[in-house]
Amino acid sequence: MKTKNKHYWLVSFILFLFGLSFSLVSNASTVITGISDGMNYQVKLITRNLSIPWGMTLITTDQMLITQRQGTALLLDLTNNTSKPVKGLPKIAASGQGGLMDVITEPNYQYPDGWIYFTYSQDTSKGDITVLARAKLSNETLTDWQELLATDSASGTSRHFGSRITFDEQGHLFFSIGDRGVRPNGQDLTNHAGSILRLNLDGTIPADNPFTNQSAARPEIWSYGHRNPQGLAYDYQANRLWAIEHGPRGGDEINLIIKGKNYGWPITSHGKEYWGPLAVGEATEKEGIESPKKVYIPSIAPSSLLLYTGEAFPNWQGDLFAGALKLQHINHLSLDEAGNIINEERLITELEERVRALIQSPDGLLYFSTDNGNLYQISPVQP
């Protein structure tokens with residue numbers, strides 16, 4: 001009888017531990033809860049063990065395509081969190097800050113016939129460059145690969161490739177390239193570095209681009225004077241383009257991008273040299289140069305930009321969200337109708353992870369990836 005009781009209690013204890021373990025696992029997906037603009041939200045861990053997930057886009061409601069900086073991509077099934085490697089990518093020059101970078105589906109994308117756009121670094125005899133390409137996806141294989149623009153952006157460094165992509169839904173795409181670690185590139189219109197470019201969806205040059213009639217200038221350039229823009233977002237309702245870029249030590253910027261304008265780098269900057277307290281540039285502002293809408297001192301190290309349009313969080317509609325690498329949060333910015341930034345909020349700071357990419361689903365949920373290799377979802381909860 002004693003032996004039987006001993007076995008009974010042992011089994012009961014094991015079942016208790018199993019139940020506790022099951023409870024912890026089943027509740028582990030929700031890692032953070034919070035309140036923003038009077039709305040309750042929760043952050044759920046969707047999947048882990050990714051390898052610097054640099055870009056992501058939804059192929060279908062349940063399928064997400066994720067690029068990884070070392071040069072691979074995977075297709076994630078959001079219903080069961082299983083993933084499969086994607087075939088058909090070109091050779092990627094994954095070195096330093098370069099690699100396989102952004103990915104985004106064209107407006108009104110339909111699987112499997114629609115185009116998916118990529119940016120990545122490519123090795124050339126002059127050094128690595130940023131390339132824009134597009135392809136179609138069938139099952140887990142990319143087909144009809146088209147290199148749309150191999151940019152003139154080579155340098156001897158492995159820094160400041162950019163590069164994000166967005167669309168204006170008027171038949172154009174924008175993508176960004178950093179100065180490639182060579183400061184004078186920011187003011188040099190004869191190459192693509194330090195610029196935001198504008199193309200037609202097939203890679204041809206729009207006739208109304210600002211520098212098409214300047215023989216020495218690259219006709220793809222839409223704006224210049226940028227250090228390293230790693231976030232682009234288009235506001236379809238207000239018909240305006242936003243960018244966020246890395247400054248030097250201090251001086252990250254959010255800019256409202258206007259056709260043909262100069263954004264100052266390296267003539268104007270709010271940042272300091274990395275090696276000492278000396279200011280970079282001639283001044284923080286100068287005539288003929290567009291001033292940023294917001295400057296971050298100290299730097300947050302921005303990595304992405306999103307303008308929220310969803311129904312899940314109605315009080316966020318029209319607001320900007322940026323990922324922060326160094327300061328490890330999502331930067332939430334409220335705007336007025338004129339595009340002035342009137343409030344800043346820092347979300348998910350307790351997570352303490354470098355936020356790399358940020359996208360919105362059709363139903364208004366937010367997904368973000370981190371350099372830890374994790375993918376999270378932000379969804380509303382009832383108070």
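Residue numbers start at 1 and run along the sequence shown.
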- Query: Do side-chain atoms of D77 reach the backbone of T82 as a donor and acceptor pair under 3.5 angstrom?
  - Reply: no
- Message: Check for me whether the distance between the ring centres of W145 and F118 falls short of 6.0 Å.
- Response: yes
- Message: Taking the six-membered ring of Y263 as reference, does the cationic atom of K261 (NZ for Lys, CZ for Arg) lie under 6.0 Å from its centre and within 45° of its axis?
- Response: no
- Message: Quick one: does any side-chain atom of D168 pair with a main-chain N or O of Q170 as donor and acceptor, under 3.5 Å?
- Response: yes
- Message: Assess whether a salt bridge exists between E106 and R134, defined as any Lys/Arg side-chain N lying under 4.0 Å from an Asp/Glu carboxylate O.
- Response: no
Exercise answer: donor-acceptor pairs, residues 91-101 side-chain atoms, under 3.5 Å, sequence neighbours excluded:
unit_1 : atom_1 : unit_2 : atom_2 : d
Q97    : OE1    : H160   : N      : 2.8

- Item | Within residues 310-321 or reaching into it, pairs that qualify as side chain to side chain donor-acceptor pair (under 3.5 Å) - sequence neighbours excluded | S36-W316, D319-H332
- Is a side-chain donor-acceptor pair under 3.5 Å present for E220 with N209? no
- Would you say F211 and L189 make side-chain contact, with heavy atoms under 4.5 Å? yes
- Quick one: are I66 and P53 in side-chain contact, heavy atoms under 4.5 Å? yes
- Ring centers of F368, F321 separated by less than 6.0 Å: no
- Quick one: are Y296 and I254 in side-chain contact, heavy atoms under 4.5 Å? yes
- Task: Could you tell me if the ring centre of Y236 sits under 6.0 Å from that of Y234?
- Result: yes
- Query: Have Q230 and S303 got a donor and an acceptor in their side chains that come within less than 3.5 Å?
  - Reply: no
- Message: Run T190 and D188 through side-chain hydrogen bond (donor to acceptor under 3.5 Å, both in side chains) and show every step you take.
- Response: CA-CA 5 Å; T190 66; D188 188 353; 2.5 Å; yes
